[in-house]
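Start at 1 and go down the list; that is how both ligands and their atoms are numbered.
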Amino acid sequence: MERHGDMMILLTSLLVGSGEDGARGEDQLLPRAMGQGALGCKDLTYISGLQYVGSGFTKLVLRGNLLNGKEIALKSVHNGGNDVTRCVRRYGDLTGCGTLATYKLHKEVTLLRTLRHPGIITLHGHCYENSIAPDFRVTAMLELGSPLEMIQLLQTPWEKRFKICLELVNLLHYLANSPMGSIALLDFQPRQFVLVDENLKVTDIDDATMEELECKTDKDCALEFPSRTFAVKCSKAGRCTGINEKRNLFNAYRFFFTYLLPHAAPPALQPLLLDIMNATGDLRYGINETLEAFQNVLNLYKSGMNHRRRLLYLKDYMLIEGYRLNETNDGYRCWPSYNHRGCVLSVHNSEEAAEFCSKNTNCHHFIIGHQRTWTGRLLATFTSSTHKLIPDVNSRVYMKKPSNVKK
Ligand SMILES: Nc1ncnc2c1ncn2[C@@H]1O[C@H](COP(=O)(O)OP(=O)(O)O)[C@@H](O)[C@H]1O
Ligand SMILES: [Mg+2]
């Protein structure tokens with residue numbers, strides 16, 4: 001009910017305050033105009049197919065189609081959300097509480113207009129409506145993502161989980177060196193992120209701060225988390241310099257790395273990953289060293305992790321070039337697979353695939369096509385039963401030689 005109430009308010013606000021009226025006053029409210037082609041209030045009047053996507057403490061997000069069919073996300077204040085309702089309960093001022101929440105979204109839009117990075121959600125435009133006094137309404141038009149589901153991510157192959165962590169590290173590197181100074185995300189949790197085409201992007205940045213704490217002594221710079229506290233130095237200028245970068249990094253460690261990074265990682269990478277875990281968990285590394293360590297892992301992974309050159313296992317397979325199998329969903333499964341109904345893994349080469357197949361008794365064939373993962377590794381499909389071969393120039397089938405098939 002609450003959701004529908006808010007959706008109705010948003011819809012009415014779209015209809016009432018859009019267009020010329022809605023745009024009025026915009027120039028006084030914004031430091032600089034958005035680039036050409038940015039969406040505005042007028043575009044909101046043509047939005048169709050509105051649907052609920054998500055909501056948090058302060059904001060409500062809907063998806064909708066622009067006139068050209070493109071889908072975007074619309075963020076507005078969640079009047080039935082905890083932030084506004086708690087405030088109203090406390091102060092009894094509906095308009096005041098709405099304005100306070102609107103200010104947060106306004107701040108977010110302003111930040112999104114300044115900060116541009118692949119790890120930050122793209123702002124397509126915004127609509128400020130001050131025509132419906134005493135209300136002042138803000139709608140942010142963003143690229144549409146899908147909420148980050150940690151439970152689902154835990155079931156995906158390590159390579160995908162590593163990508164999310166690496167993208168996060170790239171984002172934190174940008175935030176530590178942003179045009180506005182070193183930025184900390186105070187409300188740093190997986191639910192403030194979304195995936196857009198499998199790329200991690202932060203969407204909730206109304207809690208971002210560019211200020212580093214003022215201090216008199218080092219004691220004023222204690223960086224506290226539920227599990228531990230870190231000492232940060234108070235600079236001569238009276239600031240806890242570096243505290244923002246450290247806060248982000250430890251949050252990345254506790255909310256992302258611990259869940260996504262070490263679990264089911266390739267054995268050859270485990271010592272490096274353990275090092276990253278220890279160094280970020282103790283804040284021994286800053287963001288530069290962390291980024292460097294992630295790049296080392298990526299390079300080693302791309303190189304095939306010193307996979308041996310001698311072909312030990314491949315000789316037990318017959319190669320049938322230019323074919324694939326017509327049905328690969330034969331009940332043979334492995335975990336975590338790229339395909340939930342079968343067994344699809346990324347491999348450095350056919351020898352690595354042969355090794356996997358030989359070590360798993362029910363695996364009798366594997367197929368390597370032209371598809372590659374984001375790191376450039378090949379995708380191999382493993383199967384157990386015999387299938388019909390279909391010509392396919394982009395694919396090759398490897399069959400265990402009869403003498404090697406255990407009965
Ligand atoms: N661009 C987007 N695409 C898809 N879902 C989004 C997008 N932005 C936010 N969401 C979803 O909406 C929720 C609320 O947005 P958020 O900015 O986090 O608001 P709040 O400040 O209330 O926490 C998020 O947790 C996320 O699931
Ligand atoms: Mg949020």
Side-chain angles (χ1 to χ4, degrees), residues 2-7 9-10 13-14 34 38-39 43-44 47 49-66 69-88 97-127 137-153 164 167-168 171 175 183-209 247-248 251-252 255-256:
E2 200 180 66
R3 281 179 195 174
H4 286 121
D6 257 344
M7 227 188 279
I9 291 169
L10 179 71
S13 82
L14 298 184
M34 295 213 41
L39 300 175
D43 298 282
L44 283 183
I47 292 264
L50 281 176
Q51 275 177 39
Y52 173 87
V53 198
S55 57
F57 188 62
T58 312
K59 290 160 283 175
L60 170 77
V61 178
L62 306 179
R63 66 197 290 166
N65 293 86
L66 293 169
K70 191 181 153 82
E71 266 205 305
I72 59 162
L74 300 175
K75 220 188 243 196
S76 62
V77 165
H78 189 6
N79 285 314
N82 282 339
D83 197 1
V84 175
T85 47
R86 245 193 239 181
C87 170
V88 172
C97 291
T99 307
L100 207 59
T102 305
Y103 161 77
K104 292 184 186 174
L105 181 54
H106 189 182
K107 173 183 169 186
E108 185 165 282
V109 168
T110 310
L111 280 174
L112 287 174
R113 294 176 67 191
T114 314
L115 303 172
R116 296 276 165 158
H117 185 264
I120 301 179
I121 202 85
T122 304
L123 180 76
H124 289 315
H126 60 268
C127 172
R137 231 176 259 287
V138 175
T139 307
M141 290 169 254
L142 306 161
E143 69 182 324
L144 179 66
S146 49
L148 200 62
E149 299 286 352
M150 281 312 247
I151 307 281
Q152 261 173 34
L153 273 183
I164 305 266
E167 286 169 350
L168 183 61
L171 169 66
L175 291 179
I183 297 180
L185 303 175
L186 296 181
D187 189 9
F188 192 122
Q189 290 191 51
R191 61 170 176 264
Q192 318 301 12
F193 292 79
V194 292
L195 290 178
V196 180
D197 299 330
E198 299 204 342
N199 299 312
L200 183 78
K201 302 198 180 226
V202 65
T203 171
D204 185 351
I205 56 165
D206 62 5
D207 275 315
T209 178
R247 182 190 294 277
N248 285 343
N251 277 328
F255 288 118
F256 286 83

* Asked: Quick one: do D204 and R191 make a salt bridge, cutoff under 4.0 Å?
  -> no

* To do: Do me a favour and list the nearest non-hydrogen protein atom to atom 8 (N) of ligand 1 with residue, atom name and distance?
  => T203 OG1, 2.8 Å

* To do: Provide, to 0.1 Å, the distance between atom 16 (P) of ligand 1 and the closest protein heavy atom, together with that atom's residue and name.
  => D204 OD2, 3.7 Å

* Per-atom contacts, ligand 1 versus A73 - under 4.0 Å to a heavy atom -> 1 (N), 2 (C), 3 (N)

* Asked: With respect to the Mg ion (ligand 2), what is the nearest N, O or S atom of D204?
  -> OD2

* To do: Would you check if F255 and L168 make a side-chain contact, meaning some heavy-atom pair closer than 4.5 Å?
  => no

* To do: Heavy-atom contacts with I121 under 4.0 Å: which atoms of ligand 1 show up? List them by number with element.
  => 1 (N)

* What protein heavy atom is closest to atom 19 (O) of ligand 1, reported as residue, atom name and distance in Å? -> K59 CE, 3.4 Å

* Does the side chain to side chain contact (heavy atoms under 4.5 Å, CB included) test come out yes or no for V194 and I121, once each step is laid out? -> CA-CA 8 Å; V194 292; I121 202 85; 3.6 Å; yes

* To do: Return yes or no for this condition: an N or O of G145 is under 3.5 Å from an N or O of ligand 1.
  => yes

* **side-chain hydrogen bond (donor to acceptor under 3.5 Å, both in side chains) partner of K75, chosen from T203, D206, T58, T139** => T203

* To do: Find all atoms of ligand 1 within a distance of less than 4.0 Å from any non-hydrogen atom belonging to P147, and give their numbers and elements.
  => 27 (O)

* Taking only heavy atoms of F57, which atoms of ligand 1 are found under 4.0 Å from at least one of them? -> 20 (P), 22 (O), 23 (O)

* **Subset of ligand 1 atoms that lie under 4.0 Å from at least one heavy atom of E143** => 1 (N), 2 (C)

* What residue and heavy atom of the protein are closest to atom 17 (O) of ligand 1, and at what distance? -> K75 NZ, 2.6 Å

* Note the single closest protein heavy atom to atom 6 (C) of ligand 1, along with its residue, its atom name and the distance in Å. => V194 CG1, 3.7 Å

* To do: Show your reasoning for whether side chain to side chain contact (heavy atoms under 4.5 Å, CB included) applies to R116 and T122.
  => CA-CA 7 Å; R116 296 276 165 158; T122 304; 3.8 Å; yes

* May I ask you to list the atoms of ligand 1 that are less than 4.0 angstrom from any heavy atom of R191? => 24 (C), 25 (O)

* **atom 12 (O) of ligand 1: nearest protein contact (heavy atom, Å)** => V61 CG2, 3.4 Å

* Check each atom of ligand 1 against the heavy atoms of G54 and keep those under 4.0 Å away; list them by number with element. => 12 (O), 13 (C)

* Asked: Checking side chain to side chain contact (heavy atoms under 4.5 Å, CB included) for the pair F57/H78: CA distance, chi angles, key distance, verdict?
  -> CA-CA 8 Å; F57 188 62; H78 189 6; over 6 Å; no

* Asked: the Mg ion (ligand 2) to Q192: any N/O/S contact under 2.8 Å?
  -> yes

* Asked: Atoms of ligand 1 less than 4.0 Å from Q192 heavy atoms?
  -> 18 (O), 23 (O)

* Asked: Is the F188 ring parallel, tilted or perpendicular to the F193 ring (thresholds 30°, 60°)?
  -> tilted

